[in-house]
Structures are given as structure tokens and as C-alpha cells.
Amino acid sequence: MTIRTIHDAFCQQAKAAPEKHLAERPGLDTLTFADGLSGVGRLAAALVARGVVRGDRVAVQVDKSVEALLLGLACQRLGAVFLPLNTGYTTSEIDYFVGDAEPRLFVCRPEGLEKLRTDMPATVAVESLGARADGTLMELAQGLTPVTEATVLGHDDLAAILYTSGTTGRPKGAMLTHGNLATNCDALLAAWRFTDQDRLIHALPIFHTHGLFVAANMSLAAGATMIFLEKFEADTVLDHMADATVLMGVPTFYSRLVQSGRLTPETVAGMRLFVSGSAPLLADVHLAFRAATGHAILERYGMTETCMITSNPHDGDRRAGTVGFPLQDVEVRVADREDGTALPRGETGAIQVKGPNVFQGYWRMPEKTASEFTDDGFFITGDLGRFDDDGYLHIVGRDKDLVISGGYNVYPKEIELLIDEVPGVVESAVVGLPHPDFGEAVTAVVVAEKGATLDEATVVAAISPGLARYKQPKRVLFTDALPRNVMGKVQKNMLRDMHATLYKGNGVAETGSRTG
Ligand code: MCA
Ligand code: AMP
């Protein structure tokens with residue numbers, strides 16, 4: 001199949017099999033592809049009514065719902081740009097995104113509507129969408145004549161903007177085209193043999209690449225059925241496995257499933273494929289899962305800026321601790337970090353990527369965009385890796401200062417800037433420490449001013465109001481001085497080593513309050 005846009009592929013599926021289940025919401029209702037198709041038409045009409053035209057950004061911060069996915073398709077119908085936002089973002093984080101992206105419309109949760117209508121700039125219309133197909137946007141859509149004609153779009157047209165934080169602490173909007181989404185979806189459908197016969201357990205959030213452009217797009221484009229869960233809960237997911245074929249998740253899903261003690265070949269009897277990504281899957285979890293179920297989890301590697309890059313094979317050896325081979329049409333090389341020359345197999349260097357999956361650049365940041373590409377057009381991922389003798393890619397570390405907690409990215413700089421503003425703080429360093437559930441846990445190490453009385457709770461309380469919950473440090477440690485190298489650079493590796501066991505219950509880290 002060659003997909004032109006996800007919207008087009010979805011419409012074709014809906015026309016071919018209108019009664020097919022698009023989404024089953026356990027305990028709630030079932031939506032067919034025909035329901036989805038008419039929903040897209042009505043939501044597109046609501047967007048038009050709010051003044052949205054081709055190229056406009058539609059920012060969306062809502063709880064997970066199928067309607068939110070239909071809203072994304074409605075944007076595609078009009079050639080508008082979908083801008084999903086993590087529901088954990090706070091008002092100050094949202095203010096930044098709105099100022100930067102200048103959306104025509106902001107769709108929020110019903111409970112936030114009144115305040116946002118008052119607070120938003122006059123140029124931004126505000127409507128609401130609830131998890132139960134409620135809210136003002138749906139009300140508006142009900143009374144309108146559906147937009148059935150789709151704007152003709154090419155692969156270079158902008159489909160979405162996804163914000164990712166950066167090493168400077170300032171989030172950047174990654175611009176993804178219809179070509180990025182369509183070609184990557186094509187590659188994944190082929191690589192994972194995903195078809196209309198599949199029943200996907202969808203338990204990921206739908207505001208990031210994994211839940212949106214991998215899981216949901218593949219189902220919508222293939223005409224598959226989603227068992228659409230509000231969020232990940234191990235027991236609920238296990239309860240649905242008999243009736244499903246595929247699960248896509250972050251490593252925390254799999255470690256929690258292993259810990260549930262409920263995994264047996266019988267509980268997973270209906271399942272044909274388990275996919276993991278967004279963060280490293282521990283080899284122990286891979287092996288324990290295999291021992292309990294007989295299934296080798298298929299690990300793949302991706303990034304917001306590049307969609308999916310590599311995947312372990314569907315029909316070959318899925319190797320623990322590796323992310324497999326480049327996807328169809330995607331070029332991956334490992335380059336010397338100093339001079340940029342491509343390195344042979346076996347050597348470790350910077351992972352660089354080129355292909356139709358690679359984004360168009362950062363929204364209104366041409367210089368930042370240019371600095372992240374090599375002269376010959378490869379995107380510099382910031383990950384470090386090596387290819388082994390059999391061509392499997394191993395990710396061995398990161399060149400970028402990034403923590404991945406439960407699959408969510410947290411850039412230390414953003415947290416450090418906030419901590420350094422707290423009265424009594426001299427400086428801080430934020431690192432990711434090994435955590436049994438989240439993989440890495442955001443942890444702050446703080447130097448307090450002499451005489452200042454500071455404790456963990458004070459620091460957390462001071463920075464929390466402006467910061468999404470998952471970005472907030474799980475622990476704040478105090479120290480007299482941060483370790484530095486001769487150049488004066490903070491040595492985060494030393495901090496990670498010193499406190500490596502903090503979350504394992506046998507740590508020796510300095511913790512608690514500090515009177516300097
Ligand atoms: C929740 N909390 C977290 C996280 N999630 N803290 C740190 N990291 C997290 N990821 C907080 C909660 O607010 C709560 O705090 C406490 O931790 C425990 O919450 P819990 O109920 O255990 O969490 P949960 O609701 O079960 O969520 C854990 C989760 C979730 C299921 C792992 O974080 C999740 O769905 N993550 C998936 C993220 C994702 O989609 N990433 C893909 C990005 P308190 O109780 O104190 O309030 S796309 C990407 O990375 C690329 C492109 C790729 O390759 O895919
Ligand atoms: P994001 O930009 O939020 O989409 O996160 C992308 C980053 O997640 C990548 O640059 C990697 O560091 C990391 N990542 C994604 N998949 C994997 C994986 N399978 N193993 C290790 N790291 C991964």
C-alpha cells in the first residue's frame with residue numbers, strides 16, 4: 001500500500017468497510033469507520049466555523065478520546081496543522097506554545113474552557129472537547145453540514161507540529177509533513193505485517209508520536225480495530241489480551257506486565273506482536289517477558305523529529321538490547337563525533353538519519369534546524385550507537401542531556417533553570433537515575449547558599465506550579481559542590497554514578513534537608 005495522507009488512507013478504509021469497528025471503548029461504546037468518517041466531516045465543519053483555514057494551527061490539549069483522533073483527521077481534511085499538547089503541561093507551559101505557534105483555535109478540556117476564553121489572546125478561538133464526546137466543539141459540530149471534500153495535499157505539506165524540549169530548555173516545534181507520516185506509516189505496516197485483521201490495544205497517550213503517529217495512524221490507515229483504553233493499567237490491558245492481536249507500549253508497560261505475575265502463554269493467547277519503544281527496554285524485561293509468554297518483544301527506535309527509524313525484524317531474530325535495522329527507505333549511519341565521518345560496524349558514534357521520515361525543521365527556528373543537520377543532509381539524533389556485525393543497531397548512550405522517564409522526555413536544562421531561581425539555591429544539576437518503574441527518574445542535585453535553609457519539599461513546591469508532573473524531580477539531593485571537570489563543566493556522569501542506587505532502596509546518597 002502506498003499512502004498519500006493518513007486522512008486519505010482512513011477514508012478509503014471507511015468506504016471499503018464502513019461497519020468495521022474503528023474503536024471499541026470497553027464499558028462505553030463502539031465506533032465504526034462510518035461513524036468516524038461522519039465525525040471527521042462534522043468536526044471539519046466546526047473548524048471552518050471557527051475560522052480555521054489551510055495552514056492554520058489547531059492546538060489541542062484534551063483527555064484521550066477517539067474524537068480527538070478524528071479532530072486530527074479533520075485538520076488534515078482542511079490542510080490545517082494539528083498541534084497536540086501533553087495534558088500534563090501547565091498554564092505557563094501552554095502560554096509558551098500558544099505564543100510560539102499562534103494557533104487559530106485552541107481546543108481544551110471542558111473544565112478549562114471559561115478561564116482559557118478569558119486568558120487566550122483575542123486571535124485564538126477556544127472550544128472544548130471532553131473524553132466522552134462532550135464539550136462545545138462537538139456541540140458546534142452536531143448542527144453543521146459536514147465538510148466532505150478534502151483539500152488536496154502533497155507530501156511536503158505540513159501536517160502537524162509536535163513540541164519537544166531542548167538542551168537550551170526552550171521547547172522547539174518539530175514540523176512534520178504528510179509525507180513524513182504517510183511514508184513512515186507505510187514502512188511500519190509492512191515491517192510489522194499490520195493489517196485490517198489486527199486488533200490493537202491502544203493504551204498510550206495520543207499527544208506524542210508513539211500513541212498518535214505509530215499506534216493510531218497505523219490502525220486508521222490499515223482499517224484495523226483499536227481497543228481504546230483511557231490509559232495504561234496492567235490488569236486492564238491483560239484482561240483484553242485474549243481479544244487482541246497487538247500491543248504497542250513504552251518499556252514501563254512491559255516491566256509492569258512482568259511484575260503483574262499474570263503473564264502466561266494462555267493470557268496472551270490471542271496476541272501476535274508486542275512492540276516496545278520510546279526508551280530502552282531492559283534486556284532483563286525482554287527475557288522475563290519471553291520466558292513467561294513465549295513472545296519476543298519487538299523493540300524499535302524513533303524520535304519526534306524522525307518518526308520511526310529502526311525496528312527489530314518481524315520475521316527474524318528480535319535481539320534484546322538492540323533496536324534492529326533501518327526501516328524501508330530510511331538511511332542510518334553512525335558517524336565520528338568529532339569529524340563526522342561514517343564509522344564501520346562495531347564502532348560507536350553519533351547516530352544520524354536521512355529519509356522521507358525526517359521532519360521539515362523546527363517551527364520558526366531556521367538556525368536551530370540547520371545546526372541539527374550535517375552538510376550532506378543527515379539529521380543528528382543526539383543518540384550514540386553502533387551497528388554490530390549482523391547489522392543490528394545498538395543505542396549505547398546519548399550525546400544530548402536528556403532524561404527519559406516512563407517514555408516521556410525531560411530536558412534537565414528546563415528544570416535546572418527553574419531550580420536556580422529558587423531563593424537560597426546557588427546552582428543545580430538534574431540527572432536521570434535508574435528507576436525500577438520509570439527506567440530513569442528525574443533527580444535534582446542542589447547546592448544551597450551558605451546559611452540558607454532549604455529542603456527537598458521547598459524546592460519541589462517552588463518549581464512545581466509551572467511544571468508538568470512527570471518533569472518534577474522524584475528526589476532533590478543536596479551537596480556542597482557539583483563535580484566539575486577542568487573546563488568547569490558539571491560532570492553529570494559522576495553524579496549518576498554516585499547516586500546510581502538511590503531508587504533501589506539501598507542507596508547511600510545524601511538526601512533530606514540542608515542547612516548551608
Ligand atoms: C506518571 N508519572 C510519571 C510518569 N507518568 N512520573 C515520571 N515519569 C512518567 N512517565 C507520575 C504521576 O503523575 C504520579 O505522580 C506518579 O508518577 C505515579 O503515577 P502512575 O499512576 O504510576 O503513572 P501512570 O499514570 O500509570 O503513568 C505511567 C505511564 C505513563 C503509563 C508509563 O507515563 C505513560 O503512558 N507513558 C508513555 C509516554 C509516551 O507515550 N511516550 C512516547 C513519546 P503523583 O502520584 O505524585 O501525582 S514519543 C517518543 O518518545 C518517540 C517518538 C518514540 O520513539 O516513541
Ligand atoms: P522524543 O524526541 O521525545 O520522541 O524521544 C526520542 C528519543 O527517545 C530518542 O532520541 C532516543 O534517545 C529515545 N528512544 C526512542 N526509542 C528508543 C529505544 N528503543 N531505545 C532507546 N532509546 C529510545
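One-based numbering, in listed order, for ligands and for the atoms of each. All of these numbers come straight from a predicted model, not from anything done at the bench. Side chains included, hydrogens not; waters and symmetry mates left out as well; all remaining heavy atoms used.
Distances from atom 45 (O) of ligand 1 to the protein include no heavy-atom value under 4.0 Å. When distances from atom 14 (C) of ligand 1 to the protein are checked, no heavy atom turns up under 4.0 Å. There is a protein heavy atom less than 4.0 angstrom from atom 4 (C) of ligand 1.
The shortest N/O to N/O separation between Lys474 and ligand 1 falls below 3.5 Å. In terms of polar-atom proximity, Val250 is not counted as a contact of ligand 1, lacking any N or O under 3.5 Å from an N or O of the ligand. Ligand 1 has an N or O atom lying under 3.5 Å from an N or O atom of Gly407, backbone or side chain.
Contacts between Ile404 and ligand 2 below 4.0 angstrom, taking non-hydrogen atoms only, involve the side chain exclusively.
With sequence neighbours left out, the side chain to side chain contact (heavy atoms under 4.5 Å, CB included) criterion links Glu230 to Arg132.
Atom 19 (N) of ligand 2 has its closest protein heavy atom at Arg300 O, 2.7 Å.
Contact analysis puts Ser278 in contact with ligand 2, with a non-hydrogen atom separation below 4.0 angstrom. Residue contact annotation: Ile395 has a non-hydrogen atom under 4.0 Å from ligand 2.
Nearest residue to atom 31 (C) of ligand 1 from Phe207, Phe253, Tyr470, Phe438 is Phe253 (criterion: closest heavy atom).
Those atoms of ligand 2 with a heavy atom of Met303 less than 4.0 angstrom away are 4 (O), 6 (C), 9 (C), 10 (O).
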